[in-house]
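In what follows, every heavy atom counts, from backbone to side chain, and hydrogens, waters and symmetry copies are set aside.
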Amino acid sequence: MKTISEVPFAGSLDAAFFDIPAPLYAPLPFQLQEDRSAVQQLFVHEAWQSEIMVYTDHKKLRLVGIFPRNSTTAYFGYWETPNELALNQEAFALLGAAARKRGYTSLRGPLNFNTYHAYRLRLGAVPSWLQFDREPVNPAYYPDLLSRLGFSPTLSFESRLIRPDTVPVVYQDKASFLAALGNLPYDFVPLNPITWCQHEPELFELVHQIFSANPAYQPIPVAQFQQLYNAEYAAKLCPHTSVLVRERTHNRLVALSLCHPNYAPLHLGTEPPVFARDYPLLPQKTLLAKTVGVHPDFRNQQIMNYLGAYGMLRFRELYEQVIFCLMRSDNFSLHFTDGLPAEVARYALFERRL
């Protein structure tokens with residue numbers, strides 16, 4: 001008997017779509033962070049450039065098929081489910097058939113439309129920090145379910161926690177970069193809501209240039225970028241470790257480092273964090289190195305190491321430990337912490353040929 005409905009997205013998502021995750025995450029030490037209004041708006045916006053299908057039994061499972069134009073890869077996202085293979089076999093069979101009918105040759109996910117939004121699964125045991133801001137979290141059985149459905153990891157990522165007892169080793173290891181910061185042909189622009197607004201048009205272009213070559217990257221309109229990254233976002237950044245790098249010859253932004261404290265212990269829910277208000281309330285000061293990158297024209301010039309060194313200038317007076325977040329396993333940014341003792345969490349994006 002058919003239990004899964006195939007529903008074209010027609011402008012709104014019903015309440016059942018948002019109610020499905022709660023019982024799945026209730027027994028877990030972390031929660032799915034989902035803003036219903038923002039998700040609704042995102043679906044409406046993305047419907048202009050992708051066909052969207054919702055697969056659900058309206059009770060326990062939800063799965064979204066995303067069929068972008070001008071691509072041979074279809075995506076699945078917003079996947080939440082009990083540990084029931086047969087239920088998922090039915091849902092993914094419908095999604096796979098729809099993708100093949102439309103000419104797609106592979107199915108990749110979980111990815112909620114693009115890499116500016118939630119994507120990837122967390123693998124293995126729950127790390128000691130439980131969950132940081134926008135970290136992929138999921139019940140432990142999700143990766144095994146995808147494997148049994150014929151998916152394999154196609155991209156891997158990791159986060160590394162550097163504990164307090166390792167911090168002195170980091171300073172010893174990076175001493176030469178710290179010493180060189182004052183003699184570089186670059187200006188370091190601390191990031192806060194004011195400087196963010198001053199550089200907003202350049203920031204949009206810089207982010208695109210840095211990350212556009214990444215696998216699974218899809219560009220987004222400037223309006224969507226501004227909804228996600230704006231003065232409110234900048235208010236949660238640590239103004240002492242977040243920075244833009246500008247080269248002096250052409251007065252051009254060439255790199256960025258976006259860092260903020262781990263606000264998770266404050267349980268703010270959907271209330272946006274504010275560094276000035278919330279940092280003093282944190283029981284433990286953990287820095288999240290979230291988004292770090294260098295323009296392709298300026299790579300292989302040690303700028304990534306100088307970004308790390310800049311963050312170290314005031315780190316010891318402000319923080320106890322640091323998590324380098326969601327680095328792609330083959331990305332150069334991973335090298336900053338190579339060889340250092342760390343607690344590691346791993347993640348993956350999965351794919352299946354059709």
Side-chain angles (χ1 to χ4, degrees), residues 33 111-120 129 131-136 155-162 188-193 195-197 199-220 222 224-246 253-264 272-273 275 286-296 298-299 303-312 315 319 322-337 345 347 349:
Q33 298 171 341
L111 187 146
N112 294 355
F113 293 110
N114 55 61
T115 55
Y116 287 89
H117 300 280
Y119 72 108
R120 299 165 287 203
W129 60 79
Q131 176 183 21
F132 58 70
D133 176 62
R134 300 188 69 182
E135 181 181 13
L155 292 173
S156 60
F157 308 80
E158 56 188 80
S159 297
R160 297 181 178 181
L161 169 65
I162 305 299
F188 290 83
V189 182
L191 268 174
N192 54 53
T195 55
W196 184 279
C197 293
H199 296 88
E200 191 170 49
E202 293 175 280
L203 272 165
F204 173 71
E205 182 60 28
L206 178 63
V207 168
H208 175 72
Q209 291 295 331
I210 290 173
F211 299 109
S212 61
N214 288 359
Y217 176 90
Q218 297 176 56
I220 63 174
V222 64
Q224 190 177 148
F225 180 85
Q226 290 171 341
Q227 286 179 341
L228 295 167
Y229 302 103
N230 45 38
E232 182 179 85
Y233 169 81
K236 79 176 183 181
L237 295 177
C238 171
H240 310 293
T241 57
S242 298
V243 67
L244 296 173
V245 179
R246 184 184 293 279
L253 292 183
V254 300
L256 57 75
S257 179
L258 308 180
C259 307
H260 61 77
N262 183 19
Y263 296 109
F275 180 87
T286 300
L287 180 66
L288 303 180
K290 291 295 296 291
T291 302
V292 183
V294 178
H295 191 287
F298 291 84
R299 289 172 186 166
I303 295 178
M304 189 72 76
N305 281 313
Y306 292 123
L307 284 169
Y310 177 90
M312 294 168 63
F315 175 85
Y319 299 98
V322 57
I323 302 175
F324 292 87
C325 304
L326 299 168
M327 301 172 290
R328 210 172 73 238
S329 297
D330 61 350
N331 194 281
F332 185 82
S333 62
L334 207 64
H335 298 327
F336 187 79
T337 54
Y347 320 81
L349 192 65

Does the side-chain contact (heavy atoms from CB on, under 4.5 Å) test come out yes or no for H295 and L206, once each step is laid out?
CA-CA 7 Å; H295 191 287; L206 178 63; 4.3 Å; yes
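- Remark: the backbone N or O of P136 is not paired with any side-chain donor or acceptor of Y119 at under 3.5 angstrom.
- Using modelled atom types, no side-chain atom of S242 and backbone atom of P239 make a donor-acceptor pair closer than 3.5 Å.
- T337 and R160 get closest at one heavy-atom pair: OG1-NH1, 2.9 Å.
- Classification of the F225-Y229 ring pair by plane angle, with boundaries at 30° and 60°, yields tilted.
- Closest heavy-atom contact between F132 and L288: CB-CD1, 3.7 Å.
- Considering only heavy atoms from C-beta on, F336 stays 4.5 Å or farther from M304 through its side chain.
- The shortest side-chain heavy-atom distance between L111 and Q218 falls under the 4.5 Å cut-off.
- Here the CE atom belonging to M312 is positioned 13.0 Å from the OH atom belonging to Y306, to the nearest 0.5 angstrom.
- Here the straight-line distance linking atom CG of L253 with atom CD1 of I210 works out to 9.0 Å at 0.5 Å rounding.
- The shortest non-hydrogen separation linking K236 to P273 is CB-O, 3.4 Å.
- Looking only at side-chain heavy atoms (C-beta outward), L256 and V243 stay at 4.5 Å or farther from each other.
- Two residues are said to be in side-chain contact when any heavy atoms from C-beta on lie closer than 4.5 Å; C238 and Y319 meet this criterion.
- When side chains are defined from C-beta on, L203 counts as touching W196, because their heavy atoms get closer than 4.5 Å.
- Considering all non-hydrogen atoms of both residues, F324 and A289 come closest at CD2-CB, 3.8 Å.
- Taking the side chain as every heavy atom from C-beta outward, V294 and L307 approach each other to under 4.5 Å.
- The OG atom of S212 sits 8.5 Å away from the CD atom of E205 when rounded to the nearest 0.5 Å.
- Within the 3.5 Å criterion, the main-chain N or O of S329 finds no donor-acceptor partner in the side chain of S156.
- Contact between N112 and H117 at its shortest, heavy atoms only, is O-CB, 3.4 Å.
- How far CZ of F157 is from CE of M327: 11.5 Å, rounded to the nearest 0.5 Å.
- Side chain of K290 to backbone of R134: no donor-acceptor contact under 3.5 angstrom is found.
- Summarising the geometry, atom CG belonging to L244 is positioned 7.5 Å from atom CG belonging to L258; distances are rounded to the nearest 0.5 Å.
- F211 has its ring centre no less than 6.0 Å from the ring centre of Y217.
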List the steps, then state whether side-chain contact (heavy atoms from CB on, under 4.5 Å) holds for L161 with W129.
CA-CA 9 Å; L161 169 65; W129 60 79; 3.5 Å; yes
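- Contact annotation: the side chain of I220 approaches that of N114 to within less than 4.5 Å [non-hydrogen atoms, C-beta and beyond].
- Of all heavy-atom pairs spanning L155 and A216, the tightest one is CD1-CB, 4.4 Å.
- If you check the side chains of Y347 and S159, you find a donor sitting under 3.5 Å from an acceptor.
- By the 4.5 Å heavy-atom criterion applied to side chains, L237 and N192 are not counted as neighbours.
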side-chain contact (heavy atoms from CB on, under 4.5 Å) between F275 and H240, worked out:
CA-CA 11 Å; F275 180 87; H240 310 293; 4.0 Å; yes
Derivation of the side-chain contact (heavy atoms from CB on, under 4.5 Å) call for E202 and R246
CA-CA 11 Å; E202 293 175 280; R246 184 184 293 279; 3.4 Å; yes
